[in-house]
Amino acid sequence: MSYVIGPNCSTCHYCFNTCPVGAIKFVGVEYAIDPEKCVECGACAKVCPAGIISNPALEEKPVPHGPKTIDCDAVVMGAGGSGLVAAVRYKQLTGKNVVVLEKSKKVGGNTNLGHAFTVRYSKLHEKAGMPDLRAEAVESIWNGSDGRDMSKELLRKAVYGLTDMFDWLCTFGGVEEHFELVDLCAHPINDGPFVFTPGFFNFPERIENKKSTDHSMGPGWMGTFVIKKMTEQCDKLGIPVLTETAGVDIRVDGDGKFLALEAKDPGGAVTVNAKCLLIASGGFARNERIMRKVRPSFYDGLATHSFTVASNTGDAIDMGERIGAKMDFKHVKVPMMGPVHHPFNFGVVSLVNDPRVALVNIDGRRFLNEGAPPVPGKPTGPLEDQPEKKAYAVFDAATAEKMGADLLERTKRDPGMHRGMVTWKEQLEYECEELDIAAFKAESIPELAKKAGIDEKGLTDEIEKYNMFCREKADDDFEKPPMFLSPVEEGPFYAVLMMRFNEGAEGGLVNDDDLRLVKEDGTPFAGIYVVGDACRGVLKRDDEGGKFGEMPWAMASGYLAAAEMAEYTKD
């Protein structure tokens, strides 16, 4: 029987690049396995970071068991980056027993998909003679917060805590082999995640998923490095990591003191008695109830594609609500960015980011200045106002050649990315010929409209007007700069799907400055901590106008929480 890919594929491309017989390709916007081509080798299941690929015929039936009980000092719910960092650090600090539960078949969570995290200062920065600008970074991020609605003290802890976490990571070896410190002092960046960062760490080569040409996501980048180092330490220190074991309920006493975590594995119920609990269970991007509450249009039209693991279902939010935890759905990060060509071939994604394309909706009408930069700090993009929430980048072969040549020139400075760009033409033709909705090719504009499902008259009239703007070097509709006005005149013509994308949904549970879970009355639960994507952390309102960063927060908060848990459980 053929292997199958479960729902909520994050489209990391790992299985696609691993399949020896080419049985895997996009169907819609997620990968699927052709049962006629599948040779049941299982290579795809081995590499899937989320553990959602399986062969139903080979699945072992779970052996039922009676209620199990585990006694320990600390229990961690979630084996992503923040949970594993916390577990290892806690064990080092205390020598006490810590158990990690992970509901997926594999560990890593979204950290395994993450590319990089910004460390503003470390011993390696100091060794390179770079200045310590962490205090300035704290002020910059905090000043950018609308109404100063984040905790400055927690932000300070996170910025400095990330330094401590990274220096600690270096003690496990391999950092200087894989991380490249890039000097930004001579070329300061005034906006974005590298503000007041004297040098950032590049990760030039993947350590996994090496055939992938998609530079935007893992596995294989810094996140994977952290997961590998932490799992090695779990093995070395004897920290049990129980996969396919999901937290179900949190038990507290009448004063809100943690007592136990009720869980379940494939065979039955598991009770973990511990002195403290760390909630590190990830975000809620795969929880439709919460997503519809926070971003009502997420599933409208062509649903927003989420680059997040299938296990990010916000379980801890439901569990927290049942014990009276405080919730905050204003200070969250739930972006719906675009229009972009994600999640398809990254060479084509990069090609159609070029402002020389004509971007049209399904009525065939342009709706924005393709040469204008995106509005910073907005959680949603211009596709929110378009029918079916999708668009097409339209261009002809001559413009494609010009854009492709410039793409290759731009990527020469990054050999890893350049390797994925040199085949942009083959990638484009593959999408037009083999994929159902990704891209279309035709010898005339009416034929192109018919193939792509765009209104024929609307597209024909719009391209005729757009070509007039190109001849006159003046865009009367949207004021696109003349340098970007490239006519759509000679076939073949292309229409490439542009859609919304999401990188996860963070927030919900409220924490205090010591990373304790907070009750509805504002006081903390005793012995319950929350980190990473599961909590408000240092998120701004809708994470507007800049941010600390998701993976930096996961690394810092996990490290910081370990010390808080160690103090709470000391004899």
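No hydrogens, no waters, no symmetry mates; every other heavy atom, side chains included, goes into these values.
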For E409, all residues meeting salt bridge (charged side-chain N to carboxylate O under 4.0 Å, His left out), sequence neighbours excluded: K412
Atom pairs and distances, side-chain donor-acceptor, residues 273-280, under 3.5 Å, sequence neighbours left out:
from	atom 1	to	atom 2	distance (Å)
N273	ND2	D71	OD1	3.1
K275	NZ	D73	OD1	3.4

Sorted by chain and residue number, the side chain to side chain contact (heavy atoms under 4.5 Å, CB included) partners of K46 (sequence neighbours excluded) come out as none
Does the pair E139/K152 count as a salt bridge with the N-to-O cut at 4.0 Å? yes
Not counting sequence neighbours, which residues clear side chain to side chain contact (heavy atoms under 4.5 Å, CB included) with A50? List them please. C48, I52, V309
Where does the angle between the aromatic ring planes of H115 and W221 fall among parallel (under 30°), tilted (30 to 60°) and perpendicular (over 60°)? parallel
Set of salt bridge (charged side-chain N to carboxylate O under 4.0 Å, His left out) partners for D318, sequence neighbours left out: R289
Restricting to pairs with a member in residues 555-569, which pass salt bridge (Lys or Arg N to Asp or Glu O under 4.0 Å), not counting sequence neighbours? E567-K570
Residues R536 and E506 bridged, charged N to O under 4.0 Å: no
Check: residues 6-16 side-chain donor-acceptor pairs under 3.5 Å, at least two apart:
from	atom 1	to	atom 2	distance (Å)
N8	OD1	R286	NH1	3.4
T11	OG1	H305	NE2	3.0
H13	ND1	Y31	OH	2.7
H13	NE2	D214	OD2	2.9
Y14	OH	N209	N	3.2

Applying side chain to side chain donor-acceptor pair (under 3.5 Å) as the test, list every pair that has at least one member in residues 307-316; sequence neighbours left out. K103-T313, K103-D315, S104-S311, N110-T308, T313-D315
Under the side chain to side chain donor-acceptor pair (under 3.5 Å) definition, can you give me all pairs with a residue in residues 123-133, not counting sequence neighbours? S122-H125, D132-R134
Salt-bridge contact K330-D328 (side-chain N to carboxylate O under 4.0 Å): no
So salt bridge (Lys or Arg N to Asp or Glu O under 4.0 Å) across residues 81-97, not counting sequence neighbours, yields K96-D571
Among all residues two or more places apart in sequence or in another chain, which pass the side chain to side chain contact (heavy atoms under 4.5 Å, CB included) test with E232? K229
By side chain to side chain contact (heavy atoms under 4.5 Å, CB included) - contacts of E180 (at least two apart): V182, N202, P204
